[in-house]
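Heads up, the thing below is written out as structure tokens.
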Protein chains: 2
Amino acid sequence: MKPAIPKVTVQRLPVYLRCLEDLPAGQGSVASDELAAMAGVNAAKVRKDLSYLGSYGVRGVGYDVERLRLQIGLELGLERDWAVVIVGVGNLGRALANYSGFGERRFQIVGLFDADPRKVGQSVDGLTVEPMSRLGPVVSERGARIGIVSTPAHAAQQVADQLAAAGIRSILNFAPTVIKPLDGIDIRRVDLSTEIQVLSFYLNRNGS
Amino acid sequence: MKPAIPKVTVQRLPVYLRCLEDLPAGQGSVASDELAAMAGVNAAKVRKDLSYLGSYGVRGVGYDVERLRLQIGLELGLERDWAVVIVGVGNLGRALANYSGFGERRFQIVGLFDADPRKVGQSVDGLTVEPMSRLGPVVSERGARIGIVSTPAHAAQQVADQLAAAGIRSILNFAPTVIKPLDGIDIRRVDLSTEIQVLSFYLNRNGS
DNA sequence: ACATGTGAAGCGCTTCACAGCG
DNA sequence: CGCTGTGAAGCGCTTCACATGT
């Protein structure tokens with residue numbers, strides 16, 4: 001069995017993928033230092049990261065761009081479609097529903113849900129917002145595996161529980177709160193205001 | 001001089017702060033294991049992290065909630081207002097402009113900019129979208145230190161350069177691309193579709 | 001000649017385990 | 001006694017430096 005890929009490497013793979021796509025169309029191969037410069041890391045790290053995928057580089061030349069793209073995509077599970085539901089259709093939920101970066105990677109939004117009856121029935125990005133009672137049926141009918149939580153903080157835990165009950169296996173949490181671990185469910189948190197607070201820490205430290 | 005606070009600790013401080021705020025109003029003190037459970041980390045890490053701020057706990061009791069809140073806020077520079085500008089008023093930019101999490105932490109949006117003349121003049125969350133030519137004057141007049149980039153990928157580098165030229169010191173990049181390091185500027189990247197790809201990696205690995 | 005792939009060293013964070021203190 | 005604060009050990013990632021391969 002292949003050794004497990006370190007978590008930090010997994011997080012960098014999408015970045016490398018994006019860099020490969022930004023390369024000029026004609027470029028057939030790319031060296032680790034070039035990719036490193038684009039991704040904002042150093043060359044040794046690129047080589048080590050890519051070595052976990054197997055040996056796809058050519059010594060003296062570099063990496064075949066197309067082959068590496070396929071390989072990273074395969075590793076990230078991007079060669080297939082993933083059905084995604086979004087719960088919480090506020091400003092952020094709407095922005096996520098419209099976000100083209102998901103579609104490019106074959107993440108398809110197959111359901112939008114909101115607890116607010118005034119939002120139910122609205123149309124967002126070609127989908128109709130449905131009531132929470134429809135969550136279970138929609139998840140199973142449309143085979144959704146990933147759920148996005150973009151509700152206010154106070155609703156997030158309950159929504160996560162409902163997603164788990166509906167059969168969702170992975171949750172991306174944009175609500176500004178921590179969801180407690182759920183059995184067999186992978187939860188990732190993206191907190192928009194955490195990031196700005198980190199900036200503020202360093203601004204504050206390095207002289208107003 | 002105090003030892004520097006590890007980067008990973010800085011990233012957790014906003015989480016602890018949020019947990020402290022979620023505590024019931026009457027609760028005067030909190031133990032490291034309780035805070036750890038809320039934040040989704042272990043107790044030793046909480047204690048080590050908080051020890052970098054100084055010794056604000058009471059042995060046999062725990063941490064004074066109010067004091068700890070103030071201390072973390074102070075460390076993160078949240079006791080003062082920070083003026084923020086947003087460039088790129090698409091779906092995401094609008095969501096960020098409306099995002100209440102920024103205001104709660106005294107980050108004030110003082111300017112919205114877009115290169116698209118059709119967007120200029122629109123009103124979003126009480127602010128009028130201005131043309132890029134106004135970036136420099138607005139940043140200096142309103143003392144903005146932080147810039148948020150929520151443009152398409154292809155525009156991000158140029159916008160970052162313009163923000164730097166305008167006097168911005170810290171950039172939060174939501175565009176799905178890497179901005180190359182700029183002298184004296186702290187850049188943080190938040191890539192919404194990176195996170196979902198990481199989920200997909202683990203889904204893919206742990207059996208469809 | 002040149003760039004990858006990789007042991008090994010280095011480094012920083014995590015976790016342990018317990019001394020210290022209220 | 002209970003919980004913090006912290007040296008020290010453990011662990012995983014980063015970086016180096018060069019052997020390896022074309």
Side-chain angles (χ1 to χ4, degrees), chain A residues 1-16 19-20 23 27-69 71-72 75 181 194 198 201-202, chain B residues 1-16 19-20 23 27-69 71-72 75 181 194 198 201-202:
Chain A
M1 183 181 147
K2 259 195 291 201
I5 300 182
K7 285 196 247 300
V8 282
T9 295
V10 173
Q11 299 201 54
R12 281 188 295 264
L13 291 179
V15 181
Y16 298 144
C19 294
L20 291 173
L23 247 22
Q27 186 166 347
S29 75
V30 61
S32 60
D33 10 12
E34 191 182 357
L35 200 49
M38 295 178 79
V41 301
N42 74 28
K45 198 179 278 180
V46 169
R47 291 200 299 277
K48 188 69 104 181
D49 282 342
L50 298 184
S51 77
Y52 293 116
L53 311 184
S55 292
Y56 295 108
V58 181
R59 289 165 200 244
V61 179
Y63 299 88
D64 182 279
V65 173
E66 193 49 29
R67 186 172 183 198
L68 190 53
R69 242 164 62 171
Q71 194 54 35
I72 294 177
E75 206 64 59
T194 289
V198 173
F201 172 89
Y202 290 108
Chain B
M1 181 182 151
K2 261 196 289 202
I5 299 182
K7 285 197 244 306
V8 283
T9 295
V10 173
Q11 299 201 53
R12 281 189 294 264
L13 290 180
V15 181
Y16 298 144
C19 294
L20 291 173
L23 247 23
Q27 185 166 346
S29 75
V30 61
S32 60
D33 14 11
E34 191 181 357
L35 199 48
M38 295 178 79
V41 300
N42 73 30
K45 198 179 279 178
V46 169
R47 291 200 299 277
K48 187 69 101 180
D49 283 342
L50 297 184
S51 77
Y52 293 116
L53 311 184
S55 292
Y56 295 108
V58 180
R59 290 165 200 244
V61 179
Y63 299 89
D64 182 280
V65 173
E66 193 50 30
R67 186 172 181 196
L68 190 53
R69 243 165 60 171
Q71 194 55 35
I72 294 177
E75 206 64 59
T194 289
V198 173
F201 171 89
Y202 290 108

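Predicted, not measured: the structure shown is a model, and the values here were computed from it.
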Q | Under the side-chain contact (heavy atoms from CB on, under 4.5 Å) test, residues paired with B/Arg59 that sit two or more places apart | A | none

Q | Qualifying residues under side-chain contact (heavy atoms from CB on, under 4.5 Å), relative to A/Val58, sequence neighbours excluded | A | A/Val61

Q | salt bridge (Lys or Arg N to Asp or Glu O under 4.0 Å) against A/Arg47, all qualifying residues, sequence neighbours excluded | A | none

Tell me the interatomic distance from [X], atom [atom1], to [N], atom [atom2], rounded to whole angstroms.
{"X": "A/Leu53", "N": "C/dG5", "atom1": "CG", "atom2": "P", "result": "10 Å"}
{"X": "B/Leu13", "N": "C/dC13", "atom1": "CG", "atom2": "P", "result": "13 Å"}
{"X": "A/Gln71", "N": "C/dG5", "atom1": "CD", "atom2": "P", "result": "12 Å"}

Q: Sugar-phosphate means primed atoms, P, OP1 and OP2; the rest is base. With that split, encode nucleotides 14-22 of chain C 5' to 3' as B, S or - using protein heavy atoms under 4.0 Å.
A: SB-B--BBS

Q) Going through the distances and angles, do B/Tyr202 and A/Lys7 end up as a side chain to side chain contact (heavy atoms under 4.5 Å, CB included)? A) CA-CA 10 Å; B/Tyr202 290 108; A/Lys7 285 196 247 300; 3.5 Å; yes

Q) Side-chain N or O of A/Ser32 less than 4.0 angstrom from OP1 or OP2 on C/dT4? A) yes

Side chains of residues 34-43 of chain B: which donor-acceptor pairs under 3.5 Å do they make with residues two or more places apart or in other chains?
{"residue": "B/Glu34", "atom": "OE1", "partner": "B/Gln27", "partner atom": "NE2", "Å": "3.1"}
{"residue": "B/Glu34", "atom": "OE2", "partner": "B/Gln27", "partner atom": "NE2", "Å": "3.1"}
{"residue": "B/Asn42", "atom": "OD1", "partner": "B/Ala44", "partner atom": "N", "Å": "3.2"}
{"residue": "B/Asn42", "atom": "OD1", "partner": "B/Lys45", "partner atom": "N", "Å": "3.0"}

Q) Quick one: on DNA chain D, does A/Pro6 or B/Gly57 contact a more 5' nucleotide (nearest heavy atom)? A) B/Gly57

**Q.** Closest-nucleotide 5' rank along DNA chain C - winner of A/Tyr63 and B/Lys7
**A.** A/Tyr63

Q: Please list, chain by chain and in numerical order, all residues satisfying side chain to side chain donor-acceptor pair (under 3.5 Å) with B/Tyr16, sequence neighbours excluded.
A: B/Asp49

